[in-house]
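One structure is given below, encoded as structure tokens.
Note on naming: letters A, B, ... go to the chains in the order of the sequence lines (proteins, then strands), and numbering restarts at 1 for each one. Any value given below was found using the heavy atoms of this structure, including those in side chains, with hydrogens, waters and symmetry copies removed.
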Amino acid sequence: MAQMNLLQAINSALDIAMAHNDGVVVFGEDVGQFGGVFRATSHLQEKYGKGRCFNTPLTEQGIAGFANGLAAQGCYPVAEMQFADYIFPAFDQIVNESAKFRYRSGNEFHVGGLTIRSPYGGGIAGGLYHSQSPEGYFTHTPGLKVVIPSNPYQAKGLLLSSIFDDDPVIFFEPKRLYRAAVGEVPEDEYRLPLGQAQVLEEGQDITLLAWGAQVEVIQKAAQLAKDEGMSCEVIDLCSLLPWDQETVVQSVIKTGRLLVSHEAPLTSGFGAEIAATVQEHAFLHLEAPIARVCGLDTPFPLVHEKEYLPDHLKVFEAIKYSLNY
Amino acid sequence: MAQMNLLQAINSALDIAMAHNDGVVVFGEDVGQFGGVFRATSHLQEKYGKGRCFNTPLTEQGIAGFANGLAAQGCYPVAEMQFADYIFPAFDQIVNESAKFRYRSGNEFHVGGLTIRSPYGGGIAGGLYHSQSPEGYFTHTPGLKVVIPSNPYQAKGLLLSSIFDDDPVIFFEPKRLYRAAVGEVPEDEYRLPLGQAQVLEEGQDITLLAWGAQVEVIQKAAQLAKDEGMSCEVIDLCSLLPWDQETVVQSVIKTGRLLVSHEAPLTSGFGAEIAATVQEHAFLHLEAPIARVCGLDTPFPLVHEKEYLPDHLKVFEAIKYSLNY
Amino acid sequence: MSKPDLATIQAVPDPLFIHEDALKISTFQVLDETGNVIQGIHEPHLEKDVALRIYHTMQFVRVLDERMVAAQRQGRISFYMQCLGEEAAIIASAAGLSDTDMIMSQYREHGALAYRGFTLEEFMNQMFSNECDLGKGRQMPIHYGSQRCHFMTVSSPLATQIPQAAGYAYGQKLKGADACTLCYFGEGAASEGDFHAGMNMAAVLKTPTIFFCRNNGYAISTAADEQYVGDGIACRGVGYGMKTIRVDGFDALAVYEATRVAREHACQHNEPVLIEAIAYRVGAHSTSDDPSGYRTKDEEEKWQKMDPVKRFEDYLLQKGWINLSEEEKRIEALKKDVLQAVKKAEKIDKPDLDQLIEDVYQTPPKHLKQQLQHLKDHIKKYPRHYPTTASRLD
Amino acid sequence: MSKPDLATIQAVPDPLFIHEDALKISTFQVLDETGNVIQGIHEPHLEKDVALRIYHTMQFVRVLDERMVAAQRQGRISFYMQCLGEEAAIIASAAGLSDTDMIMSQYREHGALAYRGFTLEEFMNQMFSNECDLGKGRQMPIHYGSQRCHFMTVSSPLATQIPQAAGYAYGQKLKGADACTLCYFGEGAASEGDFHAGMNMAAVLKTPTIFFCRNNGYAISTAADEQYVGDGIACRGVGYGMKTIRVDGFDALAVYEATRVAREHACQHNEPVLIEAIAYRVGAHSTSDDPSGYRTKDEEEKWQKMDPVKRFEDYLLQKGWINLSEEEKRIEALKKDVLQAVKKAEKIDKPDLDQLIEDVYQTPPKHLKQQLQHLKDHIKKYPRHYPTTASRLD
Ligand SMILES: Cc1ncc(C[n+]2csc(CCOP(=O)(O)OP(=O)(O)O)c2C)c(N)n1
Ligand SMILES: Cc1ncc(C[n+]2csc(CCOP(=O)(O)OP(=O)(O)O)c2C)c(N)n1
Ligand SMILES: [Mg+2]
Ligand SMILES: [Mg+2]
């Protein structure tokens with residue numbers, strides 16, 4: 001075990017994957033010699049050569065297209081989108097190509113080896129183009145897997161699973177935690193299962209659900225609630241597509257209440273899907289409406305970032321509202 | 001009044017808009033002399049010249065980008081995406097640019113004049129790339145308006161409003177109804193308000209909600225239900241962003257039940273947002289879980305299209321399930 | 001960093017424009033319109049068996065196209081696209097490759113697939129979306145694909161295969177395979193952003209990709225002069241620092257030789273090559289299209305005369321490699337075969353309902369299994385409304 | 001339909017490649033490194049007042065850049081980007097335009113905005129995201145925009161402004177305005193699909209757009225030779241059938257003249273023009289970047305010597321249009337002004353909370369008003385947690 005921050009955990013996962021399998025190829029804008037603008041790919045070019053870790057020209061649609069082709073050929077491309085805000089030029093290659101490659105060909109061809117990594121989320125004074133949380137868009141796309149870790153241990157284990165998973169994975173990394181989140185991480189290879197949520201704290205009165213950087217926010221709110229005698233069950237979703245309905249629904253059946261929180265705008269965010277599914281499967285157990293504590297329905301602001309973000313106080317208020325309903 | 005099919009109604013709206021305002025410019029792939037692959041833009045080049053109705057090179061991102069620039073300049077571009085399945089290369093220009101143009105500039109510049117039209121939806125044996133219903137993706141994007149008509153009368157009135165609306169509008173046309181839906185349409189100009197749902201039938205037992213081609217499906221199901229003594233309130237949403245929460249919530253408060261139906265895959269489709277919002281605002285009135293009758297979570301199939309589609313029988317079964325809950 | 005070194009700048013006396021036609025690109029041609037090798041042109045070496053394989057594939061595709069356009073009119077299949085006028089560009093380029101090179105096509109290149117040995121039954125099964133279709137009935141007719149034939153399944157969104165072909169070839173290079181990837185696309189698709197992305201990435205990352213542009217003058221109704229300014233796509237290759245060849249697309253021998261040379265270069269130097277074949281889409285865009293709305297009969301007839309099959313046939317006749325009466329018999333037999341194959345394919349069952357959720361992921365996840373089960377229960381309630389699937393549910 | 005007419009094909013004897021360097025593009029230059037007009041070069045006509053406006057804008061930007069990089073280090077602003085080394089390319093090109101032509105920039109072209117008269121206060125208000133910022137504090141520092149200055153608000157996603165500039169110029173043409181649009185972008189951004197889409201559309205649809213590529217050798221850490229193959233972006237213009245000029249980006253006089261000539265052509269013929277200015281990003285990419293990780297000090301120093309401001313200054317001195325000691329005073333005054341402006345701008349309040357939901361739509365819709373109200377109620381409960389906004393809520 002070693003102390004690693006989230007970036008180091010990502011870097012370690014990439015290093016191990018590249019050592020483990022010659023077909024793992026890491027590329028994107030500035031990921032080569034420089035090691036990426038956040039340094040997630042540091043030293044990989046040095047270690048594995050320019051052929052397996054390299055800069056690409058500045059074109060996200062090209063990067064995703066190239067990665068699709070490389071995966072179809074049998075490799076394990078790990079492509080970086082420099083910021084999740086800049087993943088949209090690649091949207092067609094991801095949504096129309098990666099997601100449908102296996103299906104449309106009747107499994108003659110597939111891009112199962114594909115992984116697309118991208119830093120996402122706010123809290124870094126980045127304004128509307130360095131703060132977005134676009135995970136919701138991808139969850140409406142059958143054929144993709146969407147994975148978001150919330151701490152260094154998960155980041156490494158989930159990334160290794162994503163790289164060698166049989167399906168294309170979009171892997172969003174909470175950039176606010178890149179250096180801020182530090183924890184014990186095994187130095188060797190290990191994999192964490194995709195599609196499984198993690199119950200972080202057990203509780204009786206309400207279920208709180210989040211993913212990525214937002215997990216620590218709901219944990220903080222749970223603590224506030226605890227101080228006032230309320231008992232929260234805290235769940236980290238980890239995988240958004242497919243997502244672990246059982247764990248969440250079981251929890252809500254137990255607690256009778258659910259609060260989902262994400263940074264992305266409220267409308268049609270992934271919280272909507274969770275609320276819609278849970279109200280269907282836990283209808284008779286619900287004692288209050290499912291609450292969504294999310295970003296406002298605006299582009300991500302700059303000066304009002306603090307006000308915009310679904311912080312622990314907003315979550316705490318929503319918990320109280322739900323319990324008093 | 002004249003009998004028009006949905007295509008003719010669209011064509012009439014474009015014709016009137018172009019006559020009304022010199023700044024209205026219509027373009028896209030094959031929309032010029034040929035009048036578009038569905039002929040929605042027939043005769044417009046003849047009437048208004050090549051400068052105002054023209055073919056573009058084959059590039060959806062270019063078309064959307066060009067349209068953004070033209071709108072910023074003060075024109076009213078009406079850009080066609082040949083199929084909604086091919087709107088994704090334009091996703092960045094729409095989601096990162098059109099939607100955020102006014103906001104990011106503090107209203108120094110805006111693309112309020114922009115309208116993007118595109119035929120969408122299944123039922124034409126088009127398989128996974130000529131059948132998609134991507135409206136859900138756009139509803140997660142503050143700054144856009146999303147409008148979908150369900151019949152010729154609406155098509156004309158809503159399109160005219162969209163073209164001259166102060167905000168960018170994504171206007172999806174149910175291509176299955178292009179020739180199939182025929183109705184009385186005024187020959188002159190008229191506009192229908194954006195953001196307003198339409199209650200098509202009043203009822204007591206359950207609210208059925210859909211948009212576009214799916215509206216006739218829920219109407220058919222309502223008829224089946226009526227034959228068995230159940231009374232359905234049928235609502236056509238018309239605008240998805242912003243959407244008419246009041247009308248829908250009021251209806252559900254009255255009926256106690258809601259069923260939403262769309263062709264797009266279930267997970268993270270716009271039905272999720274409606275369910276999440278309505279359960280929040282009508283929680284104490286709900287007598288059964290909100291039902292979603294949608295496409296399966298797969299790419300749009302070809303041979304199993306009939307089985308895949310959320311047809312009137314599936315809706316009917318879901319109505320019965322809800323009423324027996 | 002590599003950029004014009006200002007130290008060695010050749011100062012220009014005026015800000016004189018570099019003119020848009022600064023680059024003149026000629027067209028490689030071997031056979032004249034009567035099938036004779038043009039004087040002064042070196043006759044490429046083409047083995048007799050390869051020549052006949054090209055020629056017979058041309059015949060096959062002509063017959064297939066004719067019959068399937070008819071089958072579509074009769075309502076037996078929903079959609080078809082023919083390649084009339086482009087047979088040489090498509091088939092002779094496939095012949096210039098090794099059979100294990102990957103082909104990533106746009107959609108009008110079934111000739112290349114036929115050349116690779118995709119069987120008549122396989123074509124039919126795809127077009128009739130029956131349960132023998134390799135693609136499991138998931139795509140519209142003509143969206144073929146075959147791992148065995150090293151022919152990537154066709155994808156409708158245009159130009160997406162272009163950056164993919166760069167990536168695929170990069171993988172081949174990484175694994176040290178003696179193979180390249182050939183990527184077909186139309187001059188219309190070359191306007192997509194993916195074209196630019198793919199070409200530039202291939203050039204910079206040195207991938208053994210042959211980009212083969214079929215410039216057939218139209219993208220549906222959009223004529224080439226509404227698609228780009230200039231005389232074609234070839235000049236863009238130079239802009240990407242890529243070796244480029246323009247070839248007469250009606251001349252099978254020239255196309256063959258150009259592709260062979262391009263392949264040699266791509267594989268030896270790990271470098272992409274752009275080939276532009278000048279041709280003409282003699283038929284309608286697809287069976288959904290009617291070109292009379294956007295071009296004249298006169299224009300069509302002018303180009304029709306350039307028949308690439310006839311030209312190659314004349315060459316083979318001069319070589320003494322074929323005998324016309326035998327070939328006619330062969331064509332008659334082919335027609336019968338196709339007709340019979342149609343009849344056979346349309347009788348084969350549609351894929352099983354279970355296929356609805358297969359291949360979305362490598363293994364269907366729980367929620368998809370539940371959705372399928374729900375659907376089956378529903379169908380059992382209304383068997384008459386879902387006749388093709390209901391009868392086969394256990 | 002326009003394509004190579006096969007009837008007039010110049011048959012080529014071999015499938016000889018058109019070589020990737022078939023097109024040699026020279027660079028237009030007027031001043032040598034000491035500010036003298038190169039022998040044999042015709043000296044462009046540049047009015048004294050325009051020359052001084054260029055020069056003083058250069059001074060302004062130098063001072064601003066230096067002070068704001070320092071301000072960022074002190075933590076007074078969060079981010080900054082300087083244009084060191086590219087002042088001539090940016091400012092002299094703006095000078096070649098009419099002041100009412102639209103400018104659509106990438107982000108490093110605040111020099112062009114300064115040339116247009118954007119005030120020091122306006123710059124500061126944007127960088128400090130205060131309530132006087134025209135952009136209402138919604139974007140990171142350096143994302144300026146001004147309707148008055150005909151300078152489109154900067155957007156972070158790269159290259160999106162390129163097709164937009166085609167569309168904007170098309171609108172200008174449609175309205176018969178005697179105006180064009182100039183679109184700046186880097187050689188890195190030129191790899192995006194939007195570049196291709198925008199260039200080709202402008203060429204085909206004949207829009208009066210000047211595409212101005214600042215080739216400064218780097219895109220963050222990515223050197224030009226990892227960005228494209230060849231010697232630059234200019235050759236692509238020819239591929240689009242577009243008139244093209246390559247110019248020495250360190251030479252203000254050459255840049256001015258090239259842009260002036262391009263504008264004349266664009267407006268008179270309704271045709272786009274591509275200008276590639278060869279320059280070098282002397283500073284870091286941004287205040288978040290440290291170039292020592294990817295390039296050598298030697299390389300940097302070599303280019304630093306090409307100082308474009310010094311070169312133009314030498315020219316003006318030879319003309320007798322400036323006096324160095326006066327200019328030094330001016331610079332000192334400027335430094336004080338900037339310092340004072342910083343102090344003033346950082347004291348101005350942040351925008352009101354209401355601005356959070358303004359301009360998403362032309363009029364805030366009901367759901368946004370509700371979200372804002374909900375937020376205000378929340379803030380009132382926890383005023384200490386939202387100090388900047390809570391104190392100002394009514
Ligand atoms: C991204 C995308 N946009 C639009 C279409 C619709 N479409 C299908 S074929 C076609 C024209 C293609 O022309 P070209 O590339 O020249 O090929 P050709 O048909 O001439 O062989 C169009 C616009 C599509 N399939 N994909
Ligand atoms: C679509 C998109 N992808 C990535 C980025 C991140 N990014 C910002 S600047 C930059 C480099 C741009 O280089 P270049 O165009 O050469 O301009 P320069 O910085 O040299 O002036 C990158 C990759 C972005 N802003 N937008
Ligand atoms: Mg074509
Ligand atoms: Mg640069």
Side-chain angles (χ1 to χ4, degrees), chain B residues 28-39 42 50 54-63 65 82-83 85-90 92-93 124-131 265-267 293-308 310-314 316-318, chain C residues 78-79 129-131 133 135-141 143 155-160 186-195 219-223 226-228 285 288-289 293-294 350-351 353 355-360 365 367-368 371-372 374-379 381-382 385-389:
Chain B
E29 294 157 15
D30 302 297
V31 308
Q33 190 195 346
F34 192 50
V37 293
F38 291 102
R39 305 305 167 84
S42 283
K50 278 197 164 190
F54 52 87
N55 288 347
T56 61
L58 209 171
T59 167
E60 293 77 13
Q61 67 193 102
I63 293 168
Q82 198 162 77
F83 285 86
D85 311 71
Y86 305 136
I87 201 170
F88 299 122
D92 186 56
Q93 280 285 351
I124 59 153
L128 72 175
Y129 291 125
H130 294 84
S131 307
L266 176 82
T267 297
V293 183
C294 303
L296 275 71
D297 282 319
T298 72
F300 201 99
L302 185 77
V303 287
H304 295 126
E305 175 165 31
K306 192 171 173 47
E307 288 75 12
Y308 176 88
D311 63 14
H312 60 292
L313 296 175
K314 293 184 189 175
F316 177 52
E317 284 299 311
Chain C
S78 61
F79 178 82
S129 316
N130 66 34
E131 67 179 6
D133 169 24
K136 301 184 186 162
R138 301 230 176 85
Q139 292 207 74
M140 284 171 66
H143 289 67
S155 167
S156 314
L158 288 166
T160 52
E187 90 293 340
S191 295
E192 293 280 8
D194 271 2
F195 164 85
I220 309 185
S221 78
T222 304
E226 294 177 306
Q227 196 67 248
Y228 55 76
H285 169 70
S288 313
D289 177 47
Y294 54 83
K350 296 292 173 230
L353 185 62
Q355 291 304 335
L356 184 53
I357 64 155
E358 292 288 333
D359 303 330
V360 182
H367 69 286
L368 274 178
Q371 291 179 6
L372 179 66
H374 190 73
L375 175 60
K376 285 182 175 174
D377 294 344
H378 176 75
I379 291 175
K381 276 192 206 141
Y382 295 97
H385 278 89
Y386 310 93
T388 45
T389 35

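- Donor-acceptor pairing under 3.5 Å is recorded for the side chains of Asp311(B) and Tyr386(C).
- Heavy-atom distances place the side chain of Thr388(C), and not its backbone, under 4.5 Å from chain B.
- Leu158(C) touches chain B through its side chain: at least one heavy atom from C-beta onward sits under 4.5 Å away, while N, CA, C and O do not.
- Results of the side-chain contact (heavy atoms from CB on, under 4.5 Å) test with Pro157(C) over Phe88(B), Phe83(B), Tyr129(B) single out Tyr129(B) as the only residue that passes.
- Options Thr59(B), Asp30(B), Val303(B) differ in how many heavy-atom pairs under 4.5 Å they form with chain C, and the most are formed by Asp30(B).
- Only the side chain of Asp289(C) comes within less than 4.5 Å of a heavy atom in chain B; its backbone stays farther off.
- At a threshold of 4.5 Å between non-hydrogen side-chain atoms, the residues Glu317(B) and Tyr382(C) count as touching.
- Using a 4.5 Å cut-off between heavy atoms, Glu305(B) makes no contact with chain C at all.
- Residue contact with chain B, scored on non-hydrogen atoms closer than 4.5 Å, involves the backbone and the side chain of Leu356(C) alike.
- For Phe38(B), no part sits under 4.5 Å from any heavy atom of chain C, backbone or side chain.
- Between Pro57(B) and Tyr228(C), every side-chain heavy-atom pair lies at or beyond the 4.5 Å cut-off.
- Using a 4.5 Å cut-off between heavy atoms, His367(C) touches chain B through its side chain atoms alone.
- A donor-acceptor pair under 3.5 Å is absent between the side-chain atoms of His304(B) and the main chain of Thr389(C), judged by distance alone.
- With rounding to the nearest 0.5 Å, the separation of CZ in Phe79(C) from CD1 in Ile124(B) is 10.5 Å.
- Comparing Gly293(C), Ser221(C), Ser78(C) by how many heavy-atom pairs each has under 4.5 Å with chain B, the most go to Ser221(C).
- In this structure, CD on Gln33(B) lies 7.5 Å from CD on Glu226(C), to the nearest 0.5 angstrom.
- Heavy-atom pairs under 4.5 Å with chain B peak, among Asn130(C), Leu372(C), Leu353(C), Asp359(C), at Leu353(C).
- Looking at Leu368(C), the atoms closer than 4.5 Å to chain B (heavy atoms on both sides) all sit in the side chain, from C-beta outward.
- Between the side chain of Gln139(C) and the backbone N or O of Gly127(B) there is no donor-acceptor pair closer than 3.5 Å.
- Only the side chain of Leu375(C) comes within less than 4.5 Å of a heavy atom in chain B; its backbone stays farther off.
- At a 4.5 Å heavy-atom cutoff, the contact between His385(C) and chain B is made by backbone and side-chain atoms alike.
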Pair Arg138(C), Leu302(B) - check side-chain contact (heavy atoms from CB on, under 4.5 Å), show working. CA-CA 5 Å; Arg138(C) 301 230 176 85; Leu302(B) 185 77; 5.6 Å; no
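- In this structure, no portion of Asp85(B) lies under 4.5 Å from any heavy atom of chain C.
- Residue contact with chain B, scored on non-hydrogen atoms closer than 4.5 Å, is absent for Ala190(C).
- Using a 4.5 Å cut-off on side-chain heavy atoms (C-beta onward), Pro301(B) and Gln355(C) make no contact.
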Start with the C-alpha distance between Ser156(C) and His130(B), add both sets of side-chain angles, then the distance that settles side-chain contact (heavy atoms from CB on, under 4.5 Å), and finish with yes or no. CA-CA 9 Å; Ser156(C) 314; His130(B) 294 84; 4.0 Å; yes
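- Checking Thr267(B), Asp297(B), Thr298(B) one by one against Gln371(C), the side-chain hydrogen bond (donor to acceptor under 3.5 Å, both in side chains) holds for a single residue, Asp297(B).
- The residue among Pro89(B), Gly126(B), Ala125(B) with the most heavy atom pairs within less than 4.5 Å of chain C is Gly126(B).
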Could you walk me through whether Ile220(C) and Glu29(B) satisfy the side-chain contact (heavy atoms from CB on, under 4.5 Å) test, starting with their C-alpha distance in whole Å, then the side-chain angles of each, then the deciding distance to 0.1 Å, before giving a yes or no? CA-CA 9 Å; Ile220(C) 309 185; Glu29(B) 294 157 15; over 6 Å; no
